[in-house]
Amino acid sequence: MKQAIQIKKDIYWVGVHDFQLRQFHGALFPIKEGASYNAYLIVDDEITLIDTVEAEFTPILLERIRSVIGDRKIDHIIVQHGEPDHSSGFLEVKRHYPDAKAYCSNAGVTSMMQQYFQDHGYQKVKSHDTLCTGRYTLSFIEMPMIHWPDNMMTYVKEAQVLFSNDAFGQHIVSYQLLDDAHACSYLLSQAKDYFANIVMPYGKQVENKLKEIAALNLEITHIAPSHGIIWHRYIKELLNAYMEFATYQSKDKAVIVYESVWHHTQAMAEALAEGLGRSGIDVKIYQYSKTDRSIIMKELLDAKAVLVGSGCYNNLMAAEIAGFLEQLKAFKFQKKKGLGFGSYGWFKMIPAQINTRLQEAGIALFGEAQSICYTPSEQDLATLEQLGEALAAEIKAMPQ
């Protein structure tokens with residue numbers, strides 16, 4: 001029988017581990033070791049479940065719940081976020097505990113109704129509303145667009161626990177639920193990975209919410225997100241890192257992303273990297289079709305520059321690069337500069353089109369796109385290395 005794991009007195013993790021998952025949110029976020037769907041049980045005079053799990057894992061959730069409360073009923077279900085990885089198990093949980101009251105933000109009620117079509121008498125809550133369960137008082141904190149309109153957190157004053165839903169999550173699958181069991185550098189790297197691939201478009205909202213939470217002067221000993229481990233020892237480091245992520249703090253770093261069939265555009269990418277690297281710039285270079293997209297997004301989060309290259313294929317840029325540029329628009333990068341480049345045979349406009357797409361993504365240009373016909377000569381490559389050196393000077397002059 002699956003057992004709950006106690007986090008603090010009266011508070012239990014009742015979630016699930018999906019060890020097989022390798023793509024989170026479809027192909028949006030390739031992951032290495034699976035994912036956890038965290039749900040939490042607060043055992044008081046009245047029992048509260050915070051979030052559910054994906055529908056297929058609901059039997060495991062229910063087993064873990066019963067391991068704590070046996071035949072007792074659940075009185076309250078807090079739906080902090082209507083996305084299916086946290087809410088699609090709701091209907092089955094409600095079938096087992098039909099008298100449980102469900103609580104959502106106003107936008108959360110809309111989300112649940114539009115996905116599951118039944119009105120379960122959802123109680124609408126807003127920031128600073130409270131729910132008393134006996135010894136504990138639950139306070140709600142809305143956080144719209146981090147990363148859906150309906151997201152909210154739940155703070156339990158007496159236990160000093162903040163249930164943060166998708167905020168502060170990571171894809172670490174471990175029965176060692178508290179951060180004490182893991183290296184801080186590893187945890188922050190995984191949190192950065194999650195932020196870059198899920199939360200990055202909403203940096204301003206995150207920044208404002210972090211300031212709002214700080215102003216509330218909440219005493220927090222644990223932050224319990226909906227994915228990954230629970231923060232306890234490294235809360236200060238986490239909050240500092242999240243503020244850096246949210247404000248797009250950057251380094252003297254350039255990310256080069258390209259696609260190349262006959263290695264001509266690849267040679268251009270490597271020449272640019274040579275010039276940048278020997279001038280003191282941290283350079284990451286990736287052939288997009290051979291690299292997990294999540295790695296590229298993570299590196300872009302704190303880079304000052306992105307250089308994008310593509311050959312020409314029937315008068316079009318590589319489909320992989322076109323898709324990547326479309327993703328850049330969605331991620332709303334700030335404080336970055338970019339440059340298009342590529343080799344061509346008889347249609348030289350692809351790098352210029354890349355420059356245009358970079359601008360559409362809100363990325364300022366270093367200058368004119370770089371085009372070379374067929375195989376770059378030694379002189380061509382030397383010129384690109386020199387360009388890399390010049391770009392390095394511009395990168396170093398950009399604000400952090």
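In this chain, residues are counted from 1 in sequence order.
A perpendicular orientation is assigned to the rings of His120 and Tyr122, their planes being inclined by more than 60° (bins at 30° and 60°). Ring orientation note: the planes of Phe245 and Phe195 are tilted relative to one another, at an angle of 30° to 60°. Below 30°, between 30° and 60°, or above 60°: for Tyr103 and Phe140 the angle between ring planes is below 30°, a parallel geometry. Between Tyr175 and His17, the angle of the ring planes goes over 60°, which puts this pair in the perpendicular group of the 30/60° scheme. Note: His171 and Tyr194 have perpendicular aromatic rings, judged against thresholds of 30 and 60 degrees for the angle between ring planes.
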*asked:* Set out, in order, the CA-CA distance, both residues' side-chain angles and the distance that settles salt bridge (charged side-chain N to carboxylate O under 4.0 Å, His left out) for Lys253 and Glu299, then state yes or no.
replied: CA-CA 9 Å; Lys253 181 166 81 171; Glu299 294 297 339; 2.7 Å; yes
- Given Arg278 and Glu389, is the salt bridge (charged side-chain N to carboxylate O under 4.0 Å, His left out) satisfied, shown in steps? CA-CA 8 Å; Arg278 70 187 179 209; Glu389 293 174 351; 2.8 Å; yes
Report task. Give the intermediate values and the outcome of side-chain contact (heavy atoms from CB on, under 4.5 Å) for residues Tyr344 and Cys373. Result -> CA-CA 5 Å; Tyr344 69 97; Cys373 187; 3.7 Å; yes
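The pair Lys101-Asp75 does not meet the salt-bridge criterion, since no charged nitrogen lies less than 4.0 angstrom from a carboxylate oxygen. Salt-bridge formation is not detected for the pair Arg66/Glu63: no Lys NZ or Arg NE/NH1/NH2 atom is positioned less than 4.0 Å from an Asp or Glu carboxylate oxygen. Of the charged side-chain nitrogens involved, at least one lies within less than 4.0 Å of a carboxylate oxygen, so that Lys251 and Asp302 count as a salt-bridged pair. The existence of a salt bridge linking Glu326 and Arg357 is confirmed by a sub-4.0 Å separation between a basic side-chain nitrogen and an acidic carboxylate oxygen. The pair Asp44-Arg135 counts as a salt bridge, with a side-chain nitrogen and a carboxylate oxygen less than 4.0 angstrom apart.
Residues Thr130 and Lys157 bring no donor and acceptor atom of their side chains to less than 3.5 Å of each other. There is no side-chain donor-acceptor pair under 3.5 Å between Lys396 and Ser279. Between the side chains of Ser294 and Asp292, no donor-acceptor pair is found at a separation under 3.5 Å. In summary, the side chains of Thr383 and Gln379 do present a donor paired with an acceptor at a separation below 3.5 Å, with no hydrogens or angles considered.
The environment of NE2 in His263 is sparse: at most 12 heavy-atom neighbours from other residues, nucleotides or ligands sit within 6.0 Å. No more than 12 heavy atoms of other residues, nucleotides or ligands lie within 6.0 Å of NZ in Lys348, so this atom counts as exposed by the packing criterion.
Distance check, rounded to the nearest 0.5 Å: CD1 of Ile220 to CH2 of Trp231 gives 13.5 Å.
Nearest heavy-atom pair across Gly311 and Ile350 is O-CG2, 3.9 Å.
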